[in-house]
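All values below come from the heavy atoms of this structure, side chains included, with hydrogens, waters and symmetry mates left out. By convention in this document, chain letters (A, B, ...) are assigned in the order of the sequence lines, proteins followed by strands, and residues within each chain are numbered from 1. As the structure is a prediction and not an experimental result, all values here were calculated from the model.
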There are 2 protein chains.
Amino acid sequence: MDADLKEIEAHEKEPGFVDGYLLYLLASASHLASGQFHEELRGAGIRVPEWRVLACLRDDDGQMVTQLARFALMEQSHLTKTIDQMTERGLVTRRSDEVDRRRVRIFLSDKGRELANGLVSQAKAHEDRLVRQLGASDIAQIKSFLSHMVETLENNE
Amino acid sequence: MDADLKEIEAHEKEPGFVDGYLLYLLASASHLASGQFHEELRGAGIRVPEWRVLACLRDDDGQMVTQLARFALMEQSHLTKTIDQMTERGLVTRRSDEVDRRRVRIFLSDKGRELANGLVSQAKAHEDRLVRQLGASDIAQIKSFLSHMVETLENNE
DNA sequence: TCGTTTTATATGATATCGCATATTATATTT
DNA sequence: AAATATAATATGCGATATCATATAAAACGA
């Protein structure tokens, strides 16, 4: 009996579709890796969407809602609600755009910025550990591929 | 005035943390790419968690709930509820394990398998288009990195 | 074997998410 | 300038997701 059949018998099954499917690989890598950091967030009493908003605003403060929602990978109405909560907690403030008053711009408060800075430090530390754990020397390549992918998909839709 | 400062003035801002953060790149690449296929699913009246369950069972039928939940990247109690719905729709069946009767094994129905096969074909077609769109010659490398990442993170937790 | 612990799934309550649409402001057309 | 169309955000509501825990079966210990 040849090796392949033996594997099947032992229920190590045929290759299967999912394990080689790009979207599944991306989703599960993201899920597992982010899961680790999300644990840390929980410890700090921060929810994932809040973290995303904090990090995105730290990079570019005063974004308008729609734009920020795309950047933070969330749906607009959900962001609006997240902003409500974060406003309550004194992490961000809303200010309507001077020029186009439909637009609402979101700004970090001092408290929010401090929190964001701390979390970004944690995130960097976590990323370092992760990369070491992966023993990935070619991490720059991976990042560059992913960036390319993001750029392509953003523009083409 | 040097180039860097000019950029800042033009609000093309400093590099920022998020754009180079591995977990963000993974999450957004996954979000954008999967988003495309999820549109197709919507068209077919299938929800994302249902698709995941179908695809996972197609690769390995009769999984127990906990195991399937991990594979399908969802939380156990949520899977239980998804299974309820899919059972209603005649896509899967529950059968309790002969040996250990705490365990519940989930099987595709004929209808479910047919649906799964069709969706997997769509997924393959979509992946082909995506890879072509990305002009990615080194896609095998990427996949292998992601697989390695998933394996590492699965075992180490 | 009885009590305790662990494991697997289900359930119920709560919070989150997302769609459809309302509201308000700007742009465009006539 | 009025009417209409488009754009940005908010809101309501139903669906989904998650947490904590209940239930039930098996494994383990004394």
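The nearest whole Å value for the distance from the CG atom in A/Leu79 to the P atom in D/dT11 is 13 Å. Atom P of nucleotide D/dT16 and atom CE of B/Met86 are separated by 13 Å, given to the nearest angstrom. As rounded to whole Å, 13 Å separates atom P of C/dT16 from atom CD1 of A/Ile46. Separating the CZ atom of A/Arg105 from the P atom of D/dA10 is a distance of 13 Å, rounded to the nearest angstrom. The CG-P distance, from A/Asp100 to D/dA7, rounds to 12 Å in whole Å. Spacing between atom CE of A/Met74 and atom C1' of C/dT16 amounts to 10 Å, rounded to whole angstrom units. Rounded to a whole Å, the CE atom of A/Met64 is 19 Å from the P atom of C/dT24. Following rounding to the nearest Å, B/Gln67 (CD) and C/dT9 (C1') show an atom-to-atom distance of 14 Å.
Between B/Arg94 and B/Ile106, the closest heavy-atom pair is CG-CD1, 3.8 Å. Listed here is the closest heavy atom pair of A/Ala29 and B/Leu153: O-CD1, 4.3 Å. The minimum heavy-atom distance between A/Tyr21 and B/Ala123, with the atom names listed, is OH-CB, 3.6 Å.
Residue A/Arg94 has a polar side-chain atom (N or O) positioned under 4.0 Å from OP1 or OP2 of D/dA10. Close to D/dT9, at under 4.0 Å from its OP1 or OP2, lies a side-chain N or O of A/Thr66. Distances shorter than 4.0 Å separate none of the side-chain N or O atoms of B/Thr80 from OP1 or OP2 on C/dT9.
In this structure, of D/dC19, D/dT11, C/dA10, it is D/dC19 that holds the atom nearest to the side chain of B/Lys81. Listed candidates were C/dT9, C/dT16, D/dA26. Nearest to the side chain of A/Gln85 is C/dT16. Taking every side-chain heavy atom of B/Gln76 into account, C/dT9 is the closest of C/dT9, C/dC19, C/dA13. Candidate nucleotides D/dT16, C/dT26, D/dA10 were compared by shortest atom distance to the side chain of B/Arg47, and D/dT16 ranks first. Of the candidates D/dA26, D/dC19, C/dC19, the closest approach to any side-chain atom of B/Arg101 belongs to D/dA26. Side chain of A/Ser77, nearest nucleotide from C/dC19, C/dA10, C/dT26: C/dC19.
With hydrogens and angles disregarded, no donor-acceptor distance shorter than 3.5 Å links the side chain of A/Lys143 to the backbone of B/Leu25. A donor-acceptor pair under 3.5 Å is absent between the side-chain atoms of A/Gln36 and the main chain of A/Leu130, judged by distance alone.
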List every contact pair, protein side and nucleotides 2-6 of chain C side both N or O, where the distance is under 3.5 Å.
none

Step-by-step side-chain hydrogen bond (donor to acceptor under 3.5 Å, both in side chains) determination, A/Gln76 to A/Thr80: CA-CA 6 Å; A/Gln76 177 264 313; A/Thr80 291; 3.2 Å; yes

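Toward the 5' end of DNA chain C, the nearer of the two residues A/Val99 and A/Thr82, judged by each one's closest nucleotide, is A/Thr82. Of the two residues near DNA chain D, A/Arg42 and A/Glu75, the one whose nearest nucleotide lies more 5' is A/Glu75.
Using a 4.5 Å cut-off between side-chain heavy atoms of Ile, Leu, Val, Met, Phe, Trp and Tyr, with links allowed through other members, B/Val131 and B/Leu146 fall into the same hydrophobic cluster.
Using a 4.0 Å heavy-atom cutoff across all strands shown, B/Val48 reaches no nucleic acid atom at all.
Among A/Arg95, A/Glu98, A/Met64, A/Gln67, the one residue that satisfies the side chain to side chain contact (heavy atoms under 4.5 Å, CB included) test with A/Arg103 is A/Met64.
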